[in-house]
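Below you'll find the structure, written out as structure tokens, and then a few comments.
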There are 2 protein chains.
Amino acid sequence: MTDDRTTQSRRPTIYDVAARAGVSKSLVSLVLQRSPRVSEPRRTAVLAAITELGYRPSEAATALAGARTRTVELLIDTYRNLSFVGLVEGIRRELDERDFRLTVTEMHQPGTAGPATWSTAVDGRILAGEPTAGLLAGWAACPIVVAGHRLSVPAGSDVVASDDRAGARAVTEHLLGLGHTTIAHLTGSGGAAQLRREGYEQAVHAAGLPASVAGRRSGTAEQDGYDAAHRILTRRSETTAIVAANDLMALGALAAARDLRRAVPADLSVFGYDDSPLARSRYLSLSSVDDRSTEVGARAARVLLARMDDPDAAVATPAVLPVLVPRGTSGRPGRPPVPAAE
Amino acid sequence: MTDDRTTQSRRPTIYDVAARAGVSKSLVSLVLQRSPRVSEPRRTAVLAAITELGYRPSEAATALAGARTRTVELLIDTYRNLSFVGLVEGIRRELDERDFRLTVTEMHQPGTAGPATWSTAVDGRILAGEPTAGLLAGWAACPIVVAGHRLSVPAGSDVVASDDRAGARAVTEHLLGLGHTTIAHLTGSGGAAQLRREGYEQAVHAAGLPASVAGRRSGTAEQDGYDAAHRILTRRSETTAIVAANDLMALGALAAARDLRRAVPADLSVFGYDDSPLARSRYLSLSSVDDRSTEVGARAARVLLARMDDPDAAVATPAVLPVLVPRGTSGRPGRPPVPAAE
DNA sequence: CTGTTAGCGCATTCAC
DNA sequence: GTGAATGCGCTAACAG
């Protein structure tokens with residue numbers, strides 16, 4: 001009586017399914033795992049029992065027994081950094097096909113939060129954001145791929161990244177091509193900013209022009225962009241174009257330009273980077289560089305899955321090439337804007 | 001030999017800790033749970049063993065044995081809706097104290113994705129976004145609280161929400177107080193939009209003015225805001241103020257105003273809603289209504305925790321009162337702007 | 001080949 | 001403070 005499994009008060013277990021289908025629980029397990037070593041009639045019987053009972057395997061038990069959770073964890077710095085949204089979509093696309101779950105975790109203060117605070121029950125991780133020292137160390141437990149930063153990544157790690165250097169170079173060359181001869185760059189601390197700065201410097205130097213960089217020691221928020229742009233526009237008023245390390249900083253540059261009575265794009269061209277939803281906004285129509293984070297996410301997921309299947313697999317991870325997206329905030333120097341793409 | 005637990009190739013388990021500390025596994029478990037029924041010397045011994053071995057309990061085993069995961073799941077529509085960021089921070093604040101983990105899950109197509117697709121191994125859920133029919137039904141398995149929407153919520157559910165009606169009423173009254181007499185509203189489909197529309201209507205009607213609402217049948221994205229605002233500014237050109245259902249739509253209104261050569265805020269005041277990072281941006285300086293999502297999140301978490309402790313507890317959930325945040329896009333009609341708050 | 005039996009994984013909890 | 005049972009699914013080893 002107490003043992004009557006038909007009183008459906010509890011969640012049905014694999015035992016209930018087995019009893020209902022008249023087979024052993026092992027067979028149910030085999031069906032669940034789509035094993036080919038199950039005869040058709042039994043399989044149907046088991047599947048029928050599963051639907052009838054509304055059975056779903058306990059994740060806890062599955063994880064404990066199989067040591068696999070079919071879950072991938074995405075580690076990000078903060079939800080405020082919109083940049084992870086594209087990443088998520090790309091990752092999701094790959095994971096869904098293979099029936100993996102995705103969970104997103106914020107690492108509060110980067111550096112402070114070590115592996116100890118992470119969840120343990122995942123099969124693999126994708127790390128977006130700066131892999132600060134000691135973050136990857138001591139964490140060999142499950143495969144991990146770094147998405148988005150080629151800098152400061154421990155040797156041996158898988159890395160999938162957008163080619164920030166190439167993107168920054170391309171946007172600078174684009175502005176040079178439009179006729180700009182005094183192009184400034186707003187940078188910030190951090191790996192992505194550094195690569196973009198290098199790309200900018202390569203391009204201006206190749207054109208025989210001096211580099212003009214501001215913000216090397218500050219952050220990458222809107223206010224940092226404002227401060228850096230304000231300084232540049234004040235000290236080097238001949239500047240006709242600004243390349244920012246990201247869209248937020250570009251927004252700050254727009255604010256500085258407005259305060260200093262510089263019309264955009266007539267007097268000043270402004271380029272952001274990331275092609276965030278912000279840049280795509282109709283009102284802002286911010287010229288930007290699409291770092292193709294969706295593609296980065298998708299590739300990162302594929303690499304991770306491959307690494308999970310075979311820890312020693314040789315996985316190629318060519319850099320993803322960014323795409324220029326000129327919009328309403330850029331154009332020829334001293335001229336009306338190039339028609340917006342939209 | 002094979003059984004030699006000192007060869008630390010595997011992750012240490014509670015058995016290893018027990019052996020090292022010279023106690024039973026049960027005692028280790030008790031220490032882990034901070035049980036007061038453990039003598040001080042033993043406790044220190046166990047804790048020492050734990051650190052020495054670098055032991056961390058297996059989440060899978062904990063979940064299986066205890067039927068508790070110490071994890072709360074936040075269900076959102078999409079990461080693109082920045083509104084969840086504040087929510088997360090509030091929830092986190094409460095959860096951290098009680099040592100709960102938070103996981104954020106996107107419900108792809110709302111309505112399509114039912115409970116079956118959700119993860120099962122959580123102790124409680126917070127649902128942000130429209131609780132579409134059938135989403136809550138059939139999901140009595142774990143406590144759930146709805147955060148943010150008082151509309152279309154099944155009776156009996158816990159709800160923590162910002163008082164959207166009051167917020168919209170307040171902003172409309174604020175504009176009336178500044179001297180505006182033709183105030184329009186941009187709305188959209190969906191529960192939050194409906195409540196905000198009602199608040200707006202209450203305020204204008206109380207002032208003896210007619211309501212002027214656009215966008216009732218469209219979405220709540222920037223483009224929807226643009227379309228609705230464009231229509232209103234064209235058909236009722238005497239309009240001097242616009243209250244949008246959210247910040248994104250307000251952005252669309254700004255674009256429409258620019259296209260129609262209406263200076264903001266001199267010719268037209270624009271108010272958003274949500275006080276998203278967008279609104280706080282220095283460049284945009286968008287007047288908005290702070291729905292205090294962090295507070296909503298914190299309260300939702302508290303309610304959930306209470307509900308988890310005691311399923312029958314009577315939990316009071318008074319509405320959270322929004323706060324007006326006038327910035328650079330609003331002011332007296334036909335006058336220079338009120339100085340920005342910043 | 002197809003299917004079953006037996007034992008495992010790891011922490012919790014309740015009698016003793 | 002301890003032993004033993006428990007939760008649920010996986011996976012060899014084995015049998016028909």
Side-chain angles (χ1 to χ4, degrees), chain A residues 2-3 5 8-47 49-50 53-71 99 119-121 123 141, chain B residues 2-3 5 8-47 49-50 53-71 99 119-121 123 141:
Chain A
T2 329
D3 211 30
R5 299 250 175 207
Q8 290 295 350
S9 55
R10 305 173 350 284
R11 266 183 59 177
T13 73
I14 199 171
Y15 290 87
D16 303 312
V17 176
R20 191 113 158 80
V23 300
S24 74
K25 66 187 173 97
S26 310
L27 192 62
V28 177
S29 179
L30 291 176
V31 171
L32 252 23
Q33 294 165 70
R34 297 190 181 81
S35 163
R37 312 168 22 147
V38 179
S39 69
E40 206 42 47
R42 306 265 186 172
R43 150 171 284 124
T44 5
V46 169
L47 290 175
I50 287 180
L53 265 44
Y55 165 79
R56 277 187 308 143
S58 148
E59 296 178 10
T62 307
L64 183 56
R68 287 180 297 98
T69 57
R70 296 199 84 75
T71 298
D99 233 30
S119 164
T120 60
D123 294 343
Chain B
T2 327
D3 210 31
R5 299 252 174 205
Q8 291 294 350
S9 56
R10 307 173 349 284
R11 264 183 61 175
T13 73
I14 199 170
Y15 290 86
D16 304 311
V17 177
R20 192 114 158 79
V23 301
S24 72
K25 315 112 185 77
S26 312
L27 191 63
V28 177
S29 180
L30 290 177
V31 170
L32 252 22
Q33 294 164 71
R34 298 189 180 80
S35 163
R37 312 166 25 148
V38 180
S39 72
E40 205 42 48
R42 306 261 185 174
R43 148 171 286 121
T44 11
V46 169
L47 291 176
I50 287 179
L53 265 44
Y55 165 79
R56 277 187 307 143
S58 148
E59 296 179 10
T62 307
L64 181 57
R68 287 180 297 99
T69 57
R70 295 199 83 75
T71 299
D99 235 29
S119 164
T120 61
D123 294 343

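Within every chain, numbering begins at 1; the chains are lettered A, B, ... in the order of the sequence lines, protein sequences first and strands thereafter.
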Nearest whole angstrom, please: distance from the [atom2] of [N] to the [atom1] of [X].
| X | N | atom1 | atom2 | answer |
| --- | --- | --- | --- | --- |
| Leu27(A) | dC1(C) | CG | C1' | 13 Å |
| Asp16(A) | dG9(D) | CG | C1' | 13 Å |
| Leu64(A) | dG7(C) | CG | C1' | 13 Å |
| Glu40(A) | dG3(C) | CD | P | 10 Å |

Rounded to the nearest 0.5 Å, how far apart are [atom1] of [X] and [atom2] of [Y]?
| X | Y | atom1 | atom2 | value |
| --- | --- | --- | --- | --- |
| Arg11(B) | Tyr55(B) | CZ | OH | 8.0 Å |
| Thr71(B) | Glu59(B) | OG1 | CD | 6.5 Å |
| Leu32(A) | Leu27(A) | CG | CG | 10.5 Å |
| Tyr15(A) | Lys25(A) | OH | NZ | 3.5 Å |
| Ile14(A) | Ser26(A) | CD1 | OG | 7.5 Å |

Item to check | Per-nucleotide protein contact string for nucleotides 11-16 of chain C (B base, S sugar-phosphate only, - none; heavy atom under 4.0 Å) | outcome: BBB---
Item to check | OP1 or OP2 of dG1(D) under 4.0 Å from side-chain N/O of Arg43(B) | outcome: no
Which donor-acceptor pairs under 3.5 Å do the side chains of residues 38-46 of chain A make with protein atoms, sequence neighbours left out?
unit_1   : atom_1 : unit_2   : atom_2 : d
Arg43(A) : NH2    : Ser35(A) : O      : 3.0
Thr44(A) : OG1    : Glu40(A) : O      : 2.6
Thr44(A) : OG1    : Pro41(A) : O      : 3.0

